[in-house]
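Below, each value reflects all heavy atoms present in this structure, side chains not excepted, and no hydrogens, waters or symmetry copies. All values derive from a computational prediction rather than experimental measurement.
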Amino acid sequence: QVQLVESGGGLVQAGGSLRLSCAASGRTFPSYTMGWFRQAPGKERDFVAAINRGGSSTYYADSVKGRFTISRDNAKNTLYLQMNSLKPEDTAVYYCAARQGSAIVVVVAAYDDWGQGTQVTVSS
């Protein structure tokens, strides 16, 4: 099990940028495939991006492709999400998640551990 704590959320105008961080506890962070998800009010939790254990492979939802970049620093036990060209429809609580399997997957149920979330609000 790994404990995850997100930070970096906030209020930003459309077209702006934010960088989310997810700090993981323990020495096992490099063994986890990591993902970012988001949940808007009244909606289901949706996949945003994922990265494999070594950081060499990434995958994005179509809605964020070309605007968001997922990365990780295994030496610092930290996952990142750089969000550029933000849109009002990106407004949501953003969660980082970890799974012990090696495959990158987009399904919420495939992830074992979750952070508490950080709010991102994009004003028009």
Side-chain angles (χ1 to χ4, degrees):
Q1 186 177 9
V2 61
Q3 283 73 47
L4 305 171
V5 179
E6 301 96 336
S7 62
L11 174 64
V12 64
Q13 289 187 337
S17 298
L18 282 175
R19 188 194 196 199
L20 305 184
S21 298
C22 173
S25 65
R27 300 179 180 178
T28 58
F29 177 72
S31 67
Y32 288 87
T33 297
M34 300 297 296
W36 286 99
F37 291 77
R38 65 187 182 185
Q39 188 167 17
K43 295 188 177 181
E44 295 184 349
R45 191 168 297 188
D46 290 332
F47 170 79
V48 174
I51 189 167
N52 68 345
R53 294 166 172 171
S56 61
S57 181
T58 58
Y59 187 77
Y60 297 92
D62 287 343
S63 59
V64 306
K65 200 173 296 182
R67 300 188 297 122
F68 291 10
T69 302
I70 188 173
S71 62
R72 65 191 298 165
D73 186 335
N74 285 344
K76 295 183 178 180
N77 280 9
T78 303
L79 176 73
Y80 302 100
L81 185 68
Q82 178 67 44
M83 305 186 295
N84 299 328
S85 301
L86 283 161
K87 305 175 181 180
E89 51 263 45
D90 294 319
T91 295
V93 176
Y94 283 71
Y95 298 89
C96 67
R99 66 182 302 270
Q100 296 187 4
S102 60
I104 289 179
V105 297
V106 304
V107 178
V108 169
Y111 287 78
D112 305 299
D113 300 295
W114 293 81
Q116 83 290 347
T118 186
Q119 177 70 47
V120 171
T121 303
V122 184
S123 62
S124 57

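Considering every non-hydrogen atom in both Gln116 and Val5, the closest pair reads OE1-CA, 3.7 Å. Closest of all the heavy-atom pairs between Ile51 and Ser71 is CD1-CA, 3.7 Å. Residues Trp36 and Ile70 share a closest heavy-atom pair of CD1-CD1, 3.5 Å. Minimum interatomic distance between Thr33 and Arg72 (heavy atoms only, all atoms of both residues): CA-NH1, 4.3 Å. Nearest heavy atom pair, residue Tyr32 against residue Ala98, reads CD2-CB, 3.6 Å. Contact record, Gly35 with Leu79: O-CD2, 3.9 Å, taken as the closest heavy-atom pair.
For Gln119, the side-chain contact (heavy atoms from CB on, under 4.5 Å) partners at least two apart in sequence or on another chain are Thr91, Val93, Thr121. Not counting sequence neighbours, the partners of Ala14 by the side-chain contact (heavy atoms from CB on, under 4.5 Å) test are Pro88, Val122.
Two residues are said to be in side-chain contact when any heavy atoms from C-beta on lie closer than 4.5 Å; Val120 and Leu20 meet this criterion. Counting only heavy atoms from C-beta outward, the side chains of Ser63 and Arg38 approach each other to under 4.5 Å. Residues Gln39 and Tyr95 meet the side-chain proximity criterion, which asks for heavy atoms closer than 4.5 Å. Using a 4.5 Å heavy-atom cutoff, the side chains of Phe29 and Met34 are in contact. Considering only heavy atoms from C-beta on, Phe68 comes within 4.5 Å of Leu86 through its side chain.
The ring pair (Phe, Tyr, Trp, His ring centres under 6.0 Å) analysis of residues 99-119, with sequence neighbours excluded, yields the pairs Phe37-Tyr111, Phe37-Trp114.
Phe47 and Leu81 are members of different hydrophobic clusters when ILVMFWY side chains are connected at heavy-atom separations under 4.5 Å.
To the nearest 0.5 Å, atom CZ of residue Arg99 and atom OG of residue Ser31 are 12.0 Å apart. Ser123 contributes atom OG, which lies 5.0 Å from atom CD of Gln13 (distance to the nearest 0.5 angstrom). One finds the CZ atom of Arg67 at 7.0 Å from the OG atom of Ser85 (value rounded to the nearest 0.5 Å).
Judged by distance alone, with hydrogens and angles left aside, the side-chain atoms of Glu6 form a donor-acceptor pair with the main-chain N or O of Cys96 at under 3.5 Å. Formation of a donor-acceptor pair under 3.5 Å by the Asn74 side chain with backbone atoms of Arg53 is found in this model. Here the side chain of Thr78 pairs a donor or acceptor atom with the backbone of Lys76 at under 3.5 angstrom. Proximity of a side-chain donor or acceptor of Asp113 to a complementary backbone N or O of Leu4 within less than 3.5 Å is not detected.
When the shell of 6.0 Å around NZ of Lys65 is examined, it contains more than 12 heavy atoms from other residues, nucleotides or ligands. Annotation: Tyr59, atom OH; neighbour count of heavy atoms from other residues, nucleotides and ligands within 6.0 Å does not exceed 12.
With salt bridges taken as basic N to acidic carboxylate O contacts below 4.0 Å, none links Asp90 and Lys87.
Between the side chains of Ser25 and Gln3, at least one donor N or O lies within less than 3.5 Å of an accepting N or O.
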